[in-house]
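Structure record follows, encoded as structure tokens.
Values in this document were obtained by computation on a predicted structure and should not be read as measured data. Every chain is numbered from 1, with letters handed out A, B, ... down the list of sequences.
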2 protein chains.
Amino acid sequence: MLVRTATTSEPRPAGHTALGTESMFGSVELVGASIPFARGEEIYGEAEPADYLYKVIKGSVRAYKVLHDGRRQICAFYLPGDIFGFEAGEEHSFSAEAIAPSTILLVKRNAVTALATKDPAIARQLWTVTTAELQKMQDHVMLLIKNAQERVVSFLLQMAQHGPGADEIELPMSRQDIADYLGLTIETVSRTLTQLETRATIALPTSRRIVLRDRSLLDRLNS
Amino acid sequence: MLVRTATTSEPRPAGHTALGTESMFGSVELVGASIPFARGEEIYGEAEPADYLYKVIKGSVRAYKVLHDGRRQICAFYLPGDIFGFEAGEEHSFSAEAIAPSTILLVKRNAVTALATKDPAIARQLWTVTTAELQKMQDHVMLLIKNAQERVVSFLLQMAQHGPGADEIELPMSRQDIADYLGLTIETVSRTLTQLETRATIALPTSRRIVLRDRSLLDRLNS
DNA sequence: CGACCATTTGATATGGATCAAGCGATGTGG
DNA sequence: CCACATCGCTTGATCCATATCAAATGGTCG
């Protein structure tokens, strides 16, 4: 899910005219508040009014829903540069929490949409970010029909695309978070990772740090 | 997934100012071609240029992706009134086929987006339809973490919201299509349906026609 | 009627869940 | 500085929901 956003903080090739989200959230009319959140703190809850759009400046965020019986599904992780909080209606359809100590930039949704009606460039950016989100959701659906190993590998490759270090991943989330994102149990995630380590496909220096040892094999396992 | 679109052909209450998709696809500048498709015929394929937006006039459509090994995941069904073909990039990220003989209205995507930059109302509609699509995808993700019975029940209730007959559903798609949408096998779908019938929760006059006998129980099973 | 295809039903296998225990890192108080 | 509690993770044993394999049934069209 973290794959295709065009909103990383990586340098852009010169001459690339990409309508990054910089202008949307960087617009003088729109500067919002940069607010710190503690680990585990709620940013917004399901069914709360969706008055803001959010951008991760530092840290990471999980967006999730809880079923009646307590099962939790994490719909997305948002890392620095990602924008979230888009909603169909006037209310949030899921909750969002900081995974680690995070800084989040808040911008009034009204302000953005109002500006979008005047400035086609802003409108176009909103569209781009939203369809990218749609794409990520579709990818998530495809992920959920795969088997456990494929899910874990897909997840690792997604995470690898975000960080700057190509083959080394620093996970901001717990095994439980990964499990709830992949639709697996914590035990299955753990077992799958040790299995990959045993086969020397990855290395686990610590539980939160993963080194991709055999990228081509991982790509193959990813389908 | 078929739940929350505001684009059914049902009569709207008088005085309701909903920006239906009527104006978007009905705009004089935008009238496109109404094209007939045979059962099983491809409307567009994955990775083809996404030059059009589509609206189902008659019939039904399945949008799907196929994994390397042949597993097919149906991402969405589109019924009369539904609009589809939104994409993040310049290419379709999945394929679309007519399930039954269908009439599809095609409109140049360029024309719509160009018009959207001039007409905020059109832009707003595009936004609404896209976030509704996003919502449906999220619902689909939540569906895929449920057990077989819950998935089938969710599906039936979704389908029931579309048709005018509250408790009687005419399915346009095969068991295989349902299975590929729910991430189950055809056998599991069939067994679950017979099980619901045995318990008098539904009736199956024919395999394509389903009567919801105990709506409150179904609602409870849906979570 | 007979061929074909979709659906249902039955028997068995299996991947991942569940239940349960062990382990390692981190932190706290004596 | 060291017992000891805590928490997140890993590992093991068993169970179960759904997949898989296989066959029977039923509906449709020539």
In whole angstroms, the gap separating P of C/dA6 from CD of B/Glu187 amounts to 14 Å
Distance check needed: C/dA6 P versus B/Ile178 CD1, whole Å only. 14 Å
On the nucleotide D/dT18, are OP1 or OP2 found under 4.0 Å from the side-chain N or O atoms that B/Thr188 carries? no
Would you indicate what B/Leu193 reaches in the nucleic acid, counting non-hydrogen atoms under 4.0 angstrom: base, sugar-phosphate, or nothing? nothing
Could you tell me whether the phosphate oxygens of C/dT7, OP1 or OP2, come under 4.0 Å of any side-chain nitrogen or oxygen in B/Arg208? yes
Counting side-chain heavy atoms from CB outward, which of C/dT18, D/dA19, C/dG16 is closest to A/Arg191? C/dT18
Using atom CG of A/Leu182 as one end and atom P of C/dG16 as the other, report the distance to the nearest whole Å. 12 Å
Do we see a donor-acceptor contact under 3.5 Å between the side chains of B/Glu97 and B/Tyr64? yes
Nearest-angstrom distance from the residue atom CZ of A/Arg39 to P of C/dT26: 14 Å
Can you name the one residue among B/His162, B/Arg208, B/Arg209 that meets side-chain hydrogen bond (donor to acceptor under 3.5 Å, both in side chains) with B/Glu170? B/Arg209
Between A/Ser207 and C/dA25, does any side-chain N or O lie under 4.0 Å from OP1 or OP2? no
Would you say B/Thr185 reaches D/dA19's phosphate, i.e. side-chain N/O to OP1/OP2 under 4.0 Å? yes
Looking at D/dT10, I'd like to know if its phosphate oxygens (OP1 or OP2) sit under 4.0 Å from a side-chain N or O belonging to A/Arg175. yes
Taking it one step at a time, do A/Met159 and A/Leu156 satisfy side chain to side chain contact (heavy atoms under 4.5 Å, CB included)? CA-CA 5 Å; A/Met159 292 303 297; A/Leu156 293 179; 5.8 Å; no
Please give, in whole Å, the distance from D/dG27 P to B/Leu204 CG? 13 Å
Side chain of B/Thr194, heavy atoms from C-beta onward: which of C/dT8, D/dA19, C/dT7 has the nearest atom to it? C/dT8
Between C/dT8, C/dT18, D/dT10, spot the one nearest the side chain of A/Ser190, thanks. D/dT10
Whole angstrom is fine here: how far is it from NZ in A/Lys146 over to P in C/dG16? 13 Å
For B/Val189 and for A/Gln149, locate the closest nucleotide of DNA chain C by heavy-atom distance; then report the residue assigned to the nucleotide nearer the 5' terminus. B/Val189
Take the protein atom CG of A/Asn147 and the nucleotide atom C1' of C/dG16, then report the distance between them rounded to whole Å. 10 Å
Expected output: side-chain A/Glu168 to main-chain A/Ile210 donor-acceptor under 3.5 Å: no
Please state how far atom CG in A/Leu184 lies from atom P in D/dC9, giving the value in whole angstrom units. 15 Å
Out of D/dT18, C/dG16, D/dT10, minimum distance to the side chain of B/Ala148 belongs to D/dT18
B/Arg62 side-chain N/O to B/Asp177 backbone N/O, donor-acceptor pair under 3.5 Å: no
